[in-house]
Q: 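Submitted below is the structure of interest, expressed as structure tokens.
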2 protein chains.
Amino acid sequence: MAKAYERIADDLRGQIRTGQLQPGARLPAETKLVEQYKKSLPTIRQALSTLQAEGLIEKQHGRGNIVRKPRRLVERRNDRHQWEKDRAREPEPKRRETGATEHDTGLSVSDLVFNAEYRTTEAGPDLAQVFGVPEGTQLLERIFRTRYREEDAPFNVSHSYLLYDLAAKNPDLLDESYEPWPGGTQNQLHTVGVELDRVEERVTARPPTVEEIEDLGLTSGTAILVLRKVCIDINDRVVEVCDVTLPGDRTEMVFTTPLARW
Amino acid sequence: MAKAYERIADDLRGQIRTGQLQPGARLPAETKLVEQYKKSLPTIRQALSTLQAEGLIEKQHGRGNIVRKPRRLVERRNDRHQWEKDRAREPEPKRRETGATEHDTGLSVSDLVFNAEYRTTEAGPDLAQVFGVPEGTQLLERIFRTRYREEDAPFNVSHSYLLYDLAAKNPDLLDESYEPWPGGTQNQLHTVGVELDRVEERVTARPPTVEEIEDLGLTSGTAILVLRKVCIDINDRVVEVCDVTLPGDRTEMVFTTPLARW
DNA sequence: GAGTGGTCTAGACCACTGT
DNA sequence: CAGTGGTCTAGACCACTCC
């Protein structure tokens with residue numbers, strides 16, 4: 001004998017998958033479902049909350065339970081790194097034209113709103129290990145948020161870390177008011193004599209924390225992609241570590257791996 | 001005035017984050033929490049279920065609510081593709097030694113259990129578009145599952161698609177009893193005259209469906225990584241499409257992007 | 001103001017895990 | 001068998017959305 005809330009969830013899930021309930025459509029009111037399935041309200045609500053956790057519906061207080069629409073995906077390609085490296089030594093007017101995110105998304109600079117915040121921190125055990133420096137080493141931490149001009153929530157929050165002593169060679173790099181910096185971090189590193197050899201990106205996924213739900217404007221029933229980007233220069237030194245949080249339901253990361261010919 | 005279940009969740013979350021409640025520890029019984037917070041059982045349970053959704057605790061019927069332990073990560077590196085290409089033309093004994101997953105994880109063949117299932121399907125709109133063939137074109141679908149010998153659930157389920165006509169050039173490729181095929185798919189493609197030029201991987205994240213919770217042995221409160229790998233040969237033809245489902249709490253994907261020198 | 005979901009209570013009974 | 005979480009009910013009142 002199947003559990004009541006599971007049967008109800010299965011039934012509604014089926015209606016959504018087969019398209020009987022279209023994306024954007026409102027489900028019957030919870031009180032209607034009570035009559036329909038002859039079960040109590042809390043049972044109905046439990047069924048609905050499992051559908052919410054699966055990302056199939058969205059609960060809107062005062063409006064109803066809505067079938068989720070697939071969201072438009074933002075691509076994030078790994079060829080952005082080479083593209084950014086090529087740009088890093090261009091003259092400023094050219095660098096100013098567009099940034100890496102615009103390169104990925106095909107949007108223009110004016111479609112996106114960019115926000116930066118700088119501060120200094122000390123390396124904890126985790127970052128100290130990645131940089132290969134002692135714990136407590138001073139770091140420049142930079143927090144970036146990118147969002148569409150017409151939307152409230154950013155689709156990208158990243159925390160970038162640079163060795164403070166390295167960044168301080170060019171005092172302009174310590175000043176957040178220069179952001180958005182034309183040419184991005186690779187240009188900034190170029191001004192202190194750094195050339196990148198490779199970028200290593202590590203990706204995992206997990207459910208969002210409450211803070212991330214706030215920050216990224218998620219509804220519950222989504223996952224987040226956690227990306228750690230490590231930039232390594234031609235002397236095999238780690239010169240930047242960047243932790244990026246991306247909403248899983250609107251981000252598609254594209255990694256192209258070229259292979260040597262036989 | 002904060003909601004009661006939120007205050008309780010915040011309080012418990014704090015205890016977990018600060019380490020007052022260690023991973024693996026049991027929370028007080030729900031009835032104890034009722035006394036402690038002077039709230040009704042359903043309210044307590046609502047607080048606990050938000051913690052479960054965040055992946056912080058795991059509910060074990062009859063035992064208690066347990067603080068989740070971080071899981072051991074399995075790495076999946078993109079240099080596996082070049083590694084596999086290099087192997088593809090080696091003699092069979094060498095190919096038989098280890099596979100790409102063992103290369104990633106540093107485990108030996110005997111630590112892993114591999115399972116394959118072949119069948120034929122027709123290309124739906126999605127796959128037809130990626131392959132650049134008409135809908136209904138016959139495909140060979142191969143379902144692979146990989147798991148640790150000591151564990152029940154696989155950490156990797158993938159659906160690989162090949163053009164049937166291409167695979168049929170070597171009848172051995174149609175027979176699942178040859179799996180695990182030494183040298184992997186790139187060697188198989190080699191036997192029908194295909195050389196890969198590049199691999200394109202697209203990654204998103206989302207909450208698991210009920211089926212995936214079953215298949216991958218997940219507890220609720222985890223996310224899955226969805227990866228689509230597209231293999232493109234030196235004539236710019238799509239020769240394999242592979243959809244991979246990975247549990248987000250035990251997988252770390254590593255992508256290294258080498259950059260050209262200035 | 002009508003309709004809808006959100007929060008919370010009090011309590012009954014079932015099912016699983018351990019000893 | 002004791003202890004624990006899982007399922008379900010019936011009903012009160014609050015908060016948001018939209019007309």
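Here is how names work: the chains are called A, B, and so on, in the same order as the sequence lines, proteins then strands, and each is numbered from 1. Remember, predicted model here, so these are calculated numbers, not experimental data.
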Q: Consider only side-chain N and O atoms of Thr219(B) and Arg68(B), and report whether a donor and an acceptor are under 3.5 Å apart.
A: yes

Q: Does a side-chain N or O from Asn65(A) land closer than 4.0 Å to OP1 or OP2 of dT4(C), or not?
A: no

Q: Does a nitrogen or oxygen in the side chain of Arg63(B) sit under 4.0 Å from OP1 or OP2 of dG3(D)?
A: no

Q: Measure the distance from CD1 on Ile8(B) to C1' on dT9(C) and round it to the nearest whole Å.
A: 13 Å

Q: Looking at Arg45(A), does any N or O in its side chain come under 4.0 Å of the phosphate oxygens OP1/OP2 on dG6(C)?
A: yes

Q: Indicate whether any N or O donor in one side chain lies under 3.5 Å from an N or O acceptor in the other, for Thr185(B) and Arg142(B).
A: yes

Q: Check whether Glu252(A) reaches the backbone of Arg202(B) with its side chain - one donor and one acceptor, N or O, closer than 3.5 Å.
A: no

Q: Nearest-Å distance, CD (Glu30(B)) to C1' (dG11(C))?
A: 15 Å

Q: Roughly how many Å is it from CD in Glu58(B) to C1' in dG6(D), rounded to a whole number?
A: 16 Å

Q: In terms of the nearest nucleotide of DNA chain C, which residue is placed more toward the 5' end: Gln60(B) or Ala29(A)?
A: Ala29(A)

Q: Starting at the 5' end of DNA chain D, which residue's closest nucleotide do you reach first, Ile44(A) or Pro28(B)?
A: Pro28(B)

Q: In whole angstrom, give the distance that lies between atom NE2 of His61(A) and atom C1' of dC16(D).
A: 5 Å

Q: Would a distance-only check, ignoring hydrogens and angles, find a side-chain to backbone donor-acceptor pair under 3.5 Å from Arg26(A) to Arg63(A)?
A: yes

Q: Could you check how far CD of Glu6(B) sits from C1' of dC14(D), rounded to whole Å?
A: 15 Å

Q: So which nucleotide from dT9(D), dC8(C), dA10(C) ends up closest to the side chain of Thr43(A)?
A: dT9(D)

Q: For a quick test of reading the model: is some side-chain N or O of Tyr5(B) closer than 4.0 Å to OP1 or OP2 of dT7(C)?
A: yes

Q: When you get a sec, tell me which of dC8(C), dA15(D), dT7(D) is the closest nucleotide to the side chain of Lys3(A)?
A: dT7(D)

Q: Quickly work out the Lys38(A) NZ to dC8(D) C1' distance and round it to whole Å.
A: 17 Å

Q: Taking the side chain of Lys39(B) as its heavy atoms from C-beta onward, which of dC16(D), dT9(C), dC8(D) lies nearest to it?
A: dT9(C)

Q: For a quick test of reading the model, state the closest non-hydrogen atom pair linking Leu21(B) to Leu12(B) and the distance between them.
A: CD1-O, 4.5 Å

Q: Quickly work out the Gln52(B) CD to dG5(D) P distance and round it to whole Å.
A: 12 Å

Q: Counting side-chain heavy atoms from C-beta on, which of dC8(C), dA10(D), dG5(D) comes nearest to Ser40(B)?
A: dC8(C)

Q: Does Lys59(A) have a side-chain nitrogen or oxygen under 4.0 Å from the phosphate oxygens OP1 or OP2 of dG6(C)?
A: yes

Q: Give the rounded distance in Å between these two atoms: CG of Leu27(B) and C1' of dT4(D).
A: 13 Å

